[in-house]
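Here's the structure, in structure tokens; my notes come after.
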Amino acid sequence: MSTIELTKDNFDEVVSGNDFVLIDFWASWCGPCRQFGPVYEAASERHQDLVFAKVDTEAQQELAAAFEIRSIPTLMIVRENVAVFAQPGALPEAALEDVIGQARKLDMDEVRKAVAAQQQGE
């Protein structure tokens, strides 16, 4: 499955319409982003049941600002409309596979309980 280019126009539809979305925040001038690109694309071929998306932070500055992206590349994983992972830096293939595996194993009922508890404590 090829990656989907996310924009402010389709972001909500893609993220809320899918249970598991990986998002690569990147820019064409960013060397580490260009290194991570082929690793990310290869993972999208191996995990065709997941949605792989990209946000060009230059073209989509509003989205980058909304998610407080300060360093690129940044990988974010959203499961059932909850951001369960966000980390800047180009991940090597093994690390990306590990993160995907961990995100797959999450008990989303437990995650939602933790988020609700955290929000009540604020």
Side-chain angles (χ1 to χ4, degrees):
M1 182 174 184
S2 60
T3 57
I4 298 169
E5 187 68 37
L6 290 181
T7 66
K8 64 182 194 303
D9 298 326
N10 71 353
F11 186 89
D12 289 339
E13 177 187 339
V14 171
V15 172
S16 62
N18 295 283
D19 285 344
F20 197 125
V21 183
L22 293 93
I23 306 168
D24 175 20
F25 290 87
W26 70 286
S28 60
W29 52 262
C30 163
C33 297
R34 288 194 305 270
Q35 289 176 323
F36 182 59
V39 172
Y40 191 70
E41 290 293 331
S44 76
E45 295 300 320
R46 283 191 301 275
H47 299 278
Q48 297 203 3
D49 59 320
L50 308 180
V51 174
F52 283 73
K54 293 174 94 64
V55 173
D56 180 343
T57 57
E58 290 294 303
Q60 300 298 321
Q61 293 181 8
E62 288 176 46
L63 275 179
F67 287 98
E68 299 178 2
I69 302 301
R70 307 227 187 294
S71 178
I72 53 174
T74 289
L75 177 67
M76 180 178 289
I77 299 177
V78 180
R79 279 204 51 203
E80 299 174 21
N81 292 311
V82 178
V84 297
F85 178 86
Q87 178 179 309
L91 295 173
E93 187 174 329
L96 178 57
E97 288 298 318
D98 185 49
V99 166
I100 292 171
Q102 289 181 46
R104 282 185 185 274
K105 292 178 191 164
L106 287 173
D107 179 334
M108 289 309 294
D109 290 333
E110 290 298 318
V111 170
R112 279 190 286 281
K113 283 182 198 167
V115 169
Q118 189 177 32
Q119 288 173 343
Q120 289 173 348
E122 290 180 348

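Side-chain heavy atoms closer than 4.5 Å link hydrophobic residues (I, L, V, M, F, W, Y) into clusters, and following such links, even through other members, never connects W26 to V99.
Taking each heavy atom of A90 and P32 in turn, the nearest pair found is CB-O, 3.7 Å. In terms of heavy-atom proximity, G37 sits nearest to K54 at CA-NZ, 4.3 Å. The two residues L63 and K8 have their closest heavy-atom pair at CD1-N, 3.8 Å. Taking each heavy atom of A27 and E58 in turn, the nearest pair found is CB-CG, 4.0 Å. A pairwise comparison of heavy atoms in V84 and A103 identifies CG2-CB, 4.5 Å as the closest pair.
To the nearest 0.5 Å, atom CZ of residue F85 and atom CZ of residue R79 are 14.5 Å apart. Here Q60 contributes atom CD and D9 contributes atom CG; the two are 7.5 Å apart, rounded to the nearest 0.5 Å.
Taking 4.5 Å as the limit, every side-chain heavy atom of D24 sits out of range of all side-chain heavy atoms of T3. When side chains are defined from C-beta on, L75 counts as touching L96, because their heavy atoms get closer than 4.5 Å. Between V55 and I69, every side-chain heavy-atom pair lies at or beyond the 4.5 Å cut-off. Side-chain contact check for D56 versus E5: some heavy-atom pair is nearer than 4.5 Å.
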What pairs of donor and acceptor atoms, side-chain ones from residues 104-113 against any protein atom, are under 3.5 angstrom apart with sequence neighbours left out?
unit_1: R104; atom_1: NH1; unit_2: D49; atom_2: OD2; d: 2.8
unit_1: R104; atom_1: NH2; unit_2: H47; atom_2: ND1; d: 3.0
unit_1: R104; atom_1: NH2; unit_2: D49; atom_2: OD1; d: 2.9
unit_1: R104; atom_1: NH2; unit_2: D49; atom_2: OD2; d: 3.3
unit_1: D107; atom_1: OD1; unit_2: D109; atom_2: N; d: 3.0
unit_1: D107; atom_1: OD1; unit_2: E110; atom_2: N; d: 3.3
unit_1: D109; atom_1: OD1; unit_2: R112; atom_2: NH2; d: 2.9
unit_1: R112; atom_1: NH1; unit_2: E80; atom_2: OE1; d: 2.6
unit_1: R112; atom_1: NH2; unit_2: E80; atom_2: OE1; d: 3.3

Quiz: residues 12-23 side-chain donor-acceptor pairs under 3.5 angstrom, not counting sequence neighbours:
unit_1: S16; atom_1: OG; unit_2: D12; atom_2: O; d: 2.5
unit_1: N18; atom_1: ND2; unit_2: V14; atom_2: O; d: 2.7

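F36 pairs by the ring-ring contact (aromatic ring centres under 6.0 Å, His included) definition with Y40, not counting sequence neighbours.
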